[in-house]
Asker: 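Have a look at this one.
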2 protein chains.
Amino acid sequence: MSMPVAGERPAAVCCAPLGTGAIGEEEARATAEVFKALGDPHRVRIVSLLAATEDAVCVCDLTPALGISQPTVSHHLKKLLTAGLIVREQRGTWSYYSLDREAIERLAVIADLTEVAR
Amino acid sequence: MSMPVAGERPAAVCCAPLGTGAIGEEEARATAEVFKALGDPHRVRIVSLLAATEDAVCVCDLTPALGISQPTVSHHLKKLLTAGLIVREQRGTWSYYSLDREAIERLAVIADLTEVAR
DNA sequence: TTCTTGTATCGATGAACGTCGATGTAGCCG
DNA sequence: CGGCTACATCGACGTTCATCGATACAAGAA
């Protein structure tokens, strides 16, 4: 166990009422996990491609669009899948992926720090 | 056979960064750069701490709040600074950091895929 | 069954990242 | 001036990541 104190300091010297609205370590790690999933150009393009259509897209379409090898595409899709940003749907031999609209909406809320900050 | 048919969408939207069909590689890289800056728990906490107050916060307050060494804090601050998410202000010996509200707002717009995706 | 196709996984490699101690630098005060 | 403080930079180490070729797996076709 670590000791996430963080809010028990007098903060005497400088200023700053630190810790008044800050999130905990666990929440920070979960949030960073989602952002990290989007911290790659190819994954951003995948999300962009999935957001451009309402239908699901199969890997056979994503691979030539991204210009990278098929194992790498699967690797990125798994990252997004683990982060809960996309969903997988198997149709016979093909794997179809689509955006998890709800997750994206949560992401938008997370990113909107101005609301919390004001 | 696989046909790259997914990228032929009109995407009749007004001004959606991630939703307008296939975004370019350059734009994807720039977007991923911002997300990557937030893809670390400590940096998420820094942003959260800065968002919790309207005033600027100096490093001497951030370091004990995060529980990591001072060089590491400076490292993370530089990452956020390079990404354009925070701004630096020097007051004598102290360095004060604060959120770039405009950048956060842009981030929220980027992350808001629901509007275009729906 | 065997053959073929579409995906996921494995293994390896090179690059990028987070972390810290040591050091450098700039500003304040006695 | 010297000494101290707050922060940035450097150097190194261990970890994680993105990438690809090779391979395993699953499902349909012959």
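In the text below, chain A, chain B and the rest are named by the order of the sequence lines, each starting its count at 1. Source: prediction; values computed, not measured. Only heavy atoms go into these numbers, but all of them, side chains included; no hydrogens, no water, no symmetry mates.
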Asker: In whole angstrom, give the distance that lies between atom CG of A/Leu80 and atom P of D/dA18.
Answerer: 10 Å

Asker: What residues, two or more places apart in sequence or in another chain, satisfy ring pair (Phe, Tyr, Trp, His ring centres under 6.0 Å) together with B/His75?
Answerer: none

Asker: Between D/dA18 atom P and B/Glu25 atom CD, what is the distance in whole Å?
Answerer: 17 Å

Asker: Taking all non-hydrogen atoms of both residues into account, name the closest pair between B/Cys60 and B/Pro64 and its distance.
Answerer: O-CD, 3.0 Å

Asker: Using a 4.5 Å cut-off on heavy atoms from C-beta on, say whether the side chain of A/Leu85 contacts that of A/Asp100.
Answerer: no

Asker: Under 4.0 Å, heavy atoms only, any strand: does B/Ser74 hit a base, just the sugar-phosphate, or nothing?
Answerer: base

Asker: Does B/Arg88 put a side-chain nitrogen or oxygen below 4.0 Å from OP1 or OP2 of D/dA8?
Answerer: yes

Asker: Starting at CD of B/Gln90 and ending at C1' of D/dA8, how long is that distance when rounded to a whole Å?
Answerer: 10 Å

Asker: Quickly work out the B/Leu62 CG to D/dC7 P distance and round it to whole Å.
Answerer: 9 Å

Asker: Summarise protein proximity over nucleotides 17-24 of chain C in one line of letters, 5' to 3': B for base, S for sugar-phosphate only, - for none, counting protein heavy atoms closer than 4.0 Å.
Answerer: SSBBBB--

Asker: Please indicate whether A/Glu89 has more than 12 foreign heavy atoms, meaning atoms of other residues, nucleotides or ligands, lying under 6.0 Å from its CD.
Answerer: yes

Asker: Begin from the C-alpha positions of A/Leu80 and A/Ile46 and carry the test side chain to side chain contact (heavy atoms under 4.5 Å, CB included) through to its verdict.
Answerer: CA-CA 9 Å; A/Leu80 294 172; A/Ile46 290 176; 3.7 Å; yes

Asker: Just checking A/Tyr96: base, sugar-phosphate only, or nothing, at a heavy-atom cut-off of under 4.0 Å?
Answerer: nothing

Asker: Starting at atom CD of B/Glu89, determine the distance to atom P of D/dA8, rounded to an integer number of angstrom.
Answerer: 13 Å

Asker: For B/Ile68 versus B/Thr63, what's the shortest heavy-atom pair and its separation?
Answerer: O-CG2, 3.4 Å

Asker: Closer than 4.0 Å, any side-chain N/O of A/Tyr97 to the OP1 or OP2 of C/dA8?
Answerer: yes

Asker: Roughly, in whole Å, what's the span from CZ in A/Arg91 to C1' in D/dG28?
Answerer: 17 Å

Asker: What are the two closest non-hydrogen atoms of B/Val87 and B/Leu99, and how far apart are they?
Answerer: CG2-O, 4.5 Å

Asker: Check this one for me: any side-chain N or O of A/Lys78 less than 4.0 Å away from OP1 or OP2 of C/dT9?
Answerer: yes

